[in-house]
Each structure stands twice: as structure tokens, then as C-alpha cells.
2 protein chains.
Amino acid sequence: MKRLSLKDVAKLAGVAPSTVSFVLNGKAKQMRISDELADKIRAIVRKSGYQPHQVAVNLRTGQSKILGLIVESISGSFFASLAGTIESEAEKYGYRIVYCSTENDAKKGAELINMLSRQQVDGYLITPVAGMEQDIQQLMEYNKPIVLMDSYFPGLPAPHVLIDSYGSVAKGMEHLIKKGHKHIGLVTVDMDMVQIKERTKAYVDTLKEHGIPQRKKYQLKLPYNLDKEAAITAITQYLEVNPKLDAIFFTTNYLGIRGLETFVKLGLNLPKDLAMVCFDDHDLFRLYPPGITVIEQPVEEIAKTAIRMLMQQLNQVKGGAKKWQVALPGKFIVRGSS
Amino acid sequence: MKRLSLKDVAKLAGVAPSTVSFVLNGKAKQMRISDELADKIRAIVRKSGYQPHQVAVNLRTGQSKILGLIVESISGSFFASLAGTIESEAEKYGYRIVYCSTENDAKKGAELINMLSRQQVDGYLITPVAGMEQDIQQLMEYNKPIVLMDSYFPGLPAPHVLIDSYGSVAKGMEHLIKKGHKHIGLVTVDMDMVQIKERTKAYVDTLKEHGIPQRKKYQLKLPYNLDKEAAITAITQYLEVNPKLDAIFFTTNYLGIRGLETFVKLGLNLPKDLAMVCFDDHDLFRLYPPGITVIEQPVEEIAKTAIRMLMQQLNQVKGGAKKWQVALPGKFIVRGSS
DNA sequence: CTGAAAGCGCTTACAG
DNA sequence: CTGAAAGCGCTTACAG
């Protein structure tokens with residue numbers, strides 16, 4: 001059962017392949033093909049179950065109608081939800097998404113860009129990791145449509161959309177300070193990316209503004225790929241070294257989960273023994289008694305904005321004021337942990 | 001900055017396009033091209049940054065080296081982790097994955113198969129939902145390589161790999177019965193698929209084997225797309241109607257999460273007020289005190305087996321005994337909830 | 001050893 | 001109104 005080609009359909013209809021092509025692509029009117037003929041051809045197409053060979057169409061038109069989406073981690077809840085929303089947004093413009101993840105490895109990121117460009121994707125959506133700056137710059141030099149999400153490179157004028165990390169963390173810190181906490185720790189990830197640095201900066205600045213003394217040892221920076229046990233051990237030691245801590249701010253949700261696991265293990269009670277605020281929400285934070293106070297990321301807005309930015313570059317959407325650098329506010333959700 | 005074609009590279013090297021093609025495809029020896037020439041060509045290719053136009057290659061060879069993966073839900077943790085493992089397994093054989101989700105909608109599933117076949121994917125990996133039987137049968141009639149995961153259609157001899165639902169649930173039920181529970185409820189999803197029916201059957205059979213009386217009202221079947229509030233309301237009512245329940249078996253992890261939320265809301269204590277076992281693990285179940293007893297799915301094994309089955313169909317892997325219907329054991333993990 | 005040519009399945013100027 | 005022809009960028013039998 002071989003699949004039909006345009007030529008086969010044309011033979012079935014007794015016309016030239018070009019005629020079928022015109023009808024199928026809505027150019028019947030323009031090519032002044034009679035309505036009867038057009039209808040007849042459409043009927044035959046329907047009955048025969050003909051499907052255009054997309055690869056051939058891509059080759060001929062130079063458009064794949066595919067967007068490449070590169071996220072940091074396929075299994076992270078933020079990225080999974082982002083990918084889902086991106087997919088349905090792209091669909092509205094007739095684009096499909098090819099989805100892959102770097103696992104925070106710039107080398108893998110470079111390979112993925114390479115692979116996507118060989119596949120002739122029409123545009124790129126990327127949550128960048130440290131070390132990808134060169135590759136992204138090259139993409140821009142080739143005039144490839146591109147949007148960064150979740151982070152960006154300060155030296156590189158690439159369109160990007162992300163949460164306002166600084167403002168969100170500042171709000172969380174204000175909240176903790178207002179509650180009377182004086183010894184607030186920060187648990188973050190050792191990653192040289194702007195959104196992480198902004199979170200740390202907001203922590204430091206907010207304490208300073210309120211005249212609360214900083215202690216270097218109140219900041220814990222964990223390597224990115226630390227396994228679960230090692231993370232729990234590190235957080236446990238951190239708590240031992242800093243017995244006066246009365247609150248901790250976690251800069252990512254997987255760190256928050258590790259923190260929670262540690263507290264459970266040590267039998268610490270939230271918020272009695274320790275208050276907690278986490279950047280980025282998670283199922284667990286909604287459910288775990290007494291509920292963890294978080295900054296929720298505007299995933300839907302990020303996805304919509306990113307797709308809109310990309311469509312503008314692909315000339316699928318006209319005008320409006322073009323804003324290429326967007327920071328969206330997070331939603332501060334107070335729960336029982338703080 | 002236009003990208004280079006084979007022809008451009010050939011011109012640069014002063015040879016025919018075919019010669020470059022042979023060298024690039026490792027057929028230099030076979031075509032008796034001198035080592036010097038081959039090296040010179042490779043050097044030029046490297047320096048020029050030439051990348052083959054994958055779309056053209058696909059069209060010419062009829063192979064896309066792309067596999068279509070259709071899962072039930074992009075954001076479900078089981079499916080996300082399955083997709084991740086599938087991706088890295090496929091990579092080993094030089095295949096990429098295009099990823100999409102049905103959201104349990106057969107119509108969307110049919111569209112996705114359509115879209116994937118227009119994209120000329122070389123094979124299909126599908127977690128089927130009710131109503132997709134026809135479409136999958138058609139794929140088989142066209143001799144398309146295909147593997148089903150997580151479920152299958154009893155009437156359709158498609159290769160498939162999934163967890164042994166019956167055996168896993170039976171083990172969980174035995175455990176509850178051994179612990180002395182006499183009023184065990186079942187919360188399941190109203191879905192007409194074999195893996196769900198097997199889970200219910202195992203529940204019913206195990207009770208029967210142990211001479212424990214069945215009560216129809218101990219079984220709660222919730223619609224698939226019930227929102228969170230409605231699910232909690234339904235489970236709350238179910239508990240009110242059945243005050244004697246001393247244990248509940250949940251047949252999917254999202255149902256288990258809803259159950260847990262309900263218990264939290266009602267202030268019920270696990271396992272004192274109620275014991276709980278859930279099919280399919282989740283972060284929350286590891287963490288939530290006292291820990292939820294679960295049946296963990298062998299995700300990695302499922303992914304590996306599925307890819308192996310597909311590669312056999314694509315003749316990328318030879319022989320070995322071909323087993324096309326595989327049910328893998330789940331891992332029963334006892335935690336504090338039972 | 002190497003090159004000219006056909007063809008994968010489309011789309012689209014161009015000629016009638 | 002309709003059809004023959006070129007060409008997207010490759011691969012691969014075929015002829016030298």
C-alpha cells in the first residue's frame with residue numbers, strides 16, 4: 001500500500017499535477033480554475049486519502065513550519081508546563097514544536113541547535129544555559145528568528161521574556177522581614193546565569209535596605225547536578241553551621257524540594273522552627289502542610305509572549321510596538337510556611 | 001549569509017557534488033576515492049561549516065530518522081519521565097524524537113498521527129487512548145513500525161510494552177489485606193482501556209480470593225478530565241457514604257494526589273484513619289509524611305524495550321527472539337501510609 | 001578513480 | 001483556464 005503522490009491524484013482526476021496543487025493550496029480562484037473542476041479534484045483528494053508529502057513541501061518552499069524548543073530539562077515541572085503551553089500557542093499559528101533538552105550542558109545545547117538547524121526549523125525558542133552564548137549569537141548572525149526564555153545573556157541583544165526575578169525575590173524577602181525574621185538564609189544553585197544572579201542580588205539588597213546584617217555563611221550555593229543525598233547532606237550541614245537561621249529563601253523549586261526533604265528528615269516544623277519561601281511553585285508546595293509560600297512563574301504569559309515575539313520575526317504577526325526584552329511580574333502566594 | 005549546499009562545497013574543492021557526497025557518507029573507500037582527495041574534501045567541509053540539508057536528505061532517502069512519540073499528557077510525571085528516557089534511548093540509534101500529546105482525546109490523537117505521517121516519521125511510539133484503535137490499525141496496515149506503551153487494544157496485535165497492572169495491583173491488595181484491612185475502597189478513572197480494567201479486575205479478584213465481601217459502592221470511578229475541586233468533592237462524598245472504609249487503593253498517581261488533598265482537607269491521618277496505596281509513584285508520595293505506599297512503574301525498562309522493538313521493525317537491530325507483547329513487573333514500595 | 005544525470009514529491013513562474 | 005518544465009538539495013546507479 002504505497003502512499004499516493006500529487007501525480008497519482010492528478011492522473012486519477014485527469015489533470016496536470018500543477019492543477020491539483022493549485023486547488024489544494026487555495027489558488028484555484030487565482031489561477032482561474034473552474035469551480036466544477038476544483039470541486040471534482042477536492043472530492044477525489046478526499047476519497048483517495050491523499051496527504052501531501054510534507055518533506056517535499058518543506059524542501060520546495062523552504063519553510064518547515066516547525067519551531068525548535070530547547071529547554072533546560074525535560075522533566076522539570078516549570079519547563080514541562082512551559083513546553084505544553086508553547087505547543088498549544090504555536091499550534092494557533094500553524095506551527096509545530098520539536099522539543100529537546102540540554103540538561104544544563106552547553107555542549108549538548110550546541111549539538112541540539114545544530115540538529116535543529118539541519119532539520120531546517122523556522123525558529124528557535126531557547127532557555128539558555130551558561131556557555132551557549134556563542135551559539136546563540138551565531139544564530140542571530142544568520143538572522144534566524146529566535147527568542148530566549150527564562151534567562152538571557154546581558155551582552156547579547158537577543159529577544160527574551162522571563163519572570164522579573166529581582167522584583168519577585170525582593171517581594172518575598174520583604175515579606176519575611178516584615179514577619180520579623182532576622183536571620184534569613186539563601187539556598188541557591190551555582191550557575192552563572194543572570195536570572196540566578198538577580199535572585200541573589202535581590203536577597204542581598206533587600207537585607208541591606210532594611211539594615212539587616214549580611215553573613216556570607218548564610219548563603220549556600222549548591223552545584224547544579226548534585227544528587228539528592230548529597231543535597232540533603234549539604235543542607236543539613238548548612239543548618240548545623242547556622243543554628244540561628246529563622247528563615248530560608250530557596251531560589252528554585254527543586255532546591256526547595258530538597259530543603260523540604262531535609263526538614264522532614266530532621267523533624268523540623270514549618271513555620272515554627274523555620275520559615276520558608278521558594279521561587280517557582282510546585283504541586284508539593286501547595287499540598288505539603290502547612291503549604292509553602294512561593295513565587296509563581298507566569299508560565300502562560302511567558303509562553304504567549306515568546307510565541308508572539310517569534311511570529312513577529314517570522315512576519316506572521318504585524319506590528320504593534322515591538323518589545324524585545326520583557327520581564328513579567330511573578331505572583332507571590334503566601335501559604336503557611338512563612 | 002546563505003548556507004552552503006553540496007554543490008558549493010564541490011565547487012570549492014574542484015570536484016563533482018557526488019564525490020563530496022560519497023566522502024561525507026563514508027563511501028570514499030567503496031568508491032575508490034583517493035585518501036588525499038577525501039581528506040582534502042573533509043578539510044574543506046570542516047572549514048566551510050557545511051551542514052547537509054536534512055530535509056533534502058530525507059526526501060531523497062525516504063528516511064527521516066525521526067520517531068513520533070504520542071503520549072497521553074505532556075505534563076503527567078509518568079509520561080514526562082517516559083519521554084525523557086525514550087529520547088535518550090532513541091539517540092543511541094541515531095533517531096530523534098518528535099513529541100506530542102493527546103490529552104486523552106482520540107480525535108486529537110488521530111490528527112497527531114496524521115501530522116506525524118505527513119512529516120514522514122520512520123516509526124511511532126504511542127500511549128493509546130480509547131478511540132484510537134482504528135487509526136493504529138491503519139498504521140499497521142500501511143506496515144508502519146509502531147510500538148504501543150502503557151496500554152494496548154486486546155483485539156489488535158500491535159507490539160506493546162507496559163507494566164503488569166494486574167499483578168502489581170494484586171500485590172498491593174494482598175499487602176492491605178495482610179495488614180488486616182477489611183473495607184478496602186478503589187478509586188479509579190472512568191476510562192475504557194485495558195490497563196485500567198486490569199487494575200479494577202485485580203482489586204475485585206484479590207478480594208474474592210480472600211473471601212472478603214465486595215461492595216459496589218466501595219468503587220469510585222471518576223471522569224478523566226474532572227477538575228481538582230470536583231475531584232475533591234467527589235472523594236469527600238465517597239468517604240461520607242462509606243464511613244467504614246479503612247483503606248483505599250488509587251489506580252493512578254493523579255487520583256492519588258487528589259485523594260491526598262482530600263485527606264489533608266478533612267484532617268484525616270494516614271495510616272491511622274485510613275490506609276492508602278497508589279499505582280505509580282510521584283515526588284509527593286515519597287515526601288508526604290508518612291510516605292505513600294506505591295507501585296513504581298519500570299519507566300526505564302519500558303522505554304528501552306519500546307525502542308528495541310521499534311528498532312527491530314526498522315531493521316536496525318537484528319534478531320534475538322522477538323517478543324512483541326511484554327508486561328514488566330512493577331516495584332512495590334512500602335511506605336508509611338499502609 | 002571521477003562526473004553527468006536521474007529522481008525523491010512538491011510549487012510556481014511561464015507559455016500556451 | 002490548463003499543462004510542461006524547472007528547481008529545492010540531496011543520493012546513487014551508471015557510464016566513462
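Sequence lines set the chain letters: A, B, ... in the order given, protein chains first and strands last, and positions in each chain run from 1. What you see is a predicted model, and the numbers here were worked out from it, not measured in a lab. Atoms considered below: every heavy atom in the structure, side chains included; atoms not considered: hydrogens, waters and symmetry mates.
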**Sequence neighbours excluded - side-chain hydrogen bond (donor to acceptor under 3.5 Å, both in side chains) pairs with any residue from residues 7-17 of chain A** =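 Only A/Ser5-A/Asp8 qualify under side-chain hydrogen bond (donor to acceptor under 3.5 Å, both in side chains).
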**Message:** Tell me every residue that passes side chain to side chain donor-acceptor pair (under 3.5 Å) with B/Glu87, counting only those two or more places apart in sequence or in another chain.
**Reply:**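 Testing B/Glu87 for side chain to side chain donor-acceptor pair (under 3.5 Å), a comparison that skips the adjacent residues, returns none.
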**Item:** Pairing residues for A/Asp35 by the side chain to side chain donor-acceptor pair (under 3.5 Å) criterion, not counting sequence neighbours
**Value:**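 Partners of A/Asp35 by the side chain to side chain donor-acceptor pair (under 3.5 Å) criterion, ordered by chain and then number, come out as A/Lys29.
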I need the [atom1]-[atom2] distance between [X] and [N], as an integer number of Å.
X        : N      : atom1 : atom2 : result
B/Gln54  : D/dC10 : CD    : C1'   : 10 Å
B/Gln119 : C/dG9  : CD    : P     : 16 Å
B/Glu36  : C/dC1  : CD    : C1'   : 12 Å
B/Lys29  : C/dT2  : NZ    : C1'   : 16 Å
B/Lys7   : C/dA4  : NZ    : C1'   : 13 Å
A/Asp39  : D/dC1  : CG    : C1'   : 16 Å
A/Lys11  : C/dG9  : NZ    : C1'   : 14 Å

**Prompt:** Less than 4.5 Å apart, any side-chain heavy atom of A/Asn225 and any of A/Asp105?
**Reply:**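 A/Asn225 does not reach A/Asp105 side chain to side chain.
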**Item:** Stem list, DNA chain D (Watson-Crick or G-U pairing under 3.5 Å, at least 3 consecutive pairs)
**Value:**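 As far as DNA chain D goes, consecutive pairing (with distances under 3.5 Å) yields the stems C:1-3 with D:14-16, C:5-12 with D:5-12, C:14-16 with D:1-3.
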**Request:** State which of D/dC8, C/dC10, C/dC8 makes the closest approach to the side chain of B/Leu59.
**Result:**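 Between D/dC8, C/dC10, C/dC8, the one nearest the side chain of B/Leu59 would be C/dC8.
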**Listed nucleotide nearest any side-chain atom of B/His53, set C/dG9, D/dC10, D/dC1** =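 Closest nucleotide to the B/His53 side chain: D/dC10.
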**Request:** Report the residues that fulfil ring pair (Phe, Tyr, Trp, His ring centres under 6.0 Å) with A/Phe78, sequence neighbours left out, ordered by chain and then residue number.
**Result:**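 Scan of A/Phe78 (ring pair (Phe, Tyr, Trp, His ring centres under 6.0 Å), adjacent residues dropped) gives none.
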**Prompt:** Quick one: ring pair (Phe, Tyr, Trp, His ring centres under 6.0 Å) partners of B/Phe22, sequence neighbours excluded?
**Reply:**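 Here no residue qualifies.
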**Message:** Tell me every residue that passes salt bridge (Lys or Arg N to Asp or Glu O under 4.0 Å) with A/Lys107, counting only those two or more places apart in sequence or in another chain.
**Reply:**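 Counting only residues at least two positions away or on another chain, A/Lys107 forms no salt bridge (Lys or Arg N to Asp or Glu O under 4.0 Å).
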**Request:** Between protein and nucleotides 11-16 of chain C, map the contacts as a letter string: B base, S sugar-phosphate only, - none, heavy atoms under 4.0 Å, written 5' to 3'.
**Result:** BBB---
Using atom types as modelled, flag every donor-acceptor pair under 3.5 Å from a side chain in residues 121-128 of chain B to any protein atom, sequence neighbours excluded.
{"unit_1": "B/Asp122", "atom_1": "OD1", "unit_2": "B/Ser64", "atom_2": "N", "d": "3.0"}
{"unit_1": "B/Asp122", "atom_1": "OD1", "unit_2": "B/Ser64", "atom_2": "OG", "d": "3.3"}
{"unit_1": "B/Asp122", "atom_1": "OD2", "unit_2": "B/Ser64", "atom_2": "N", "d": "3.2"}
{"unit_1": "B/Asp122", "atom_1": "OD2", "unit_2": "B/Lys65", "atom_2": "N", "d": "2.6"}
{"unit_1": "B/Thr127", "atom_1": "OG1", "unit_2": "B/Glu72", "atom_2": "N", "d": "3.0"}

**Message:** Closest-nucleotide mapping onto DNA chain D: is A/Arg32 or B/Ala56 further toward the 5' terminus? I mean the 5' end.
**Reply:**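 The residue whose closest nucleotide sits nearer the 5' end is A/Arg32.
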**Item:** Ion pair check, A/Lys108 and A/Glu111, cut-off under 4.0 Å
**Value:**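 Not counted as a salt bridge, because no side-chain N and carboxylate O are separated by less than 4.0 Å.
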**Message:** Students often get this wrong, so: under 4.0 angstrom with heavy atoms, is A/Val55 touching a base, only sugar-phosphate, or nothing?
**Reply:**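 It contacts nothing in the nucleic acid.
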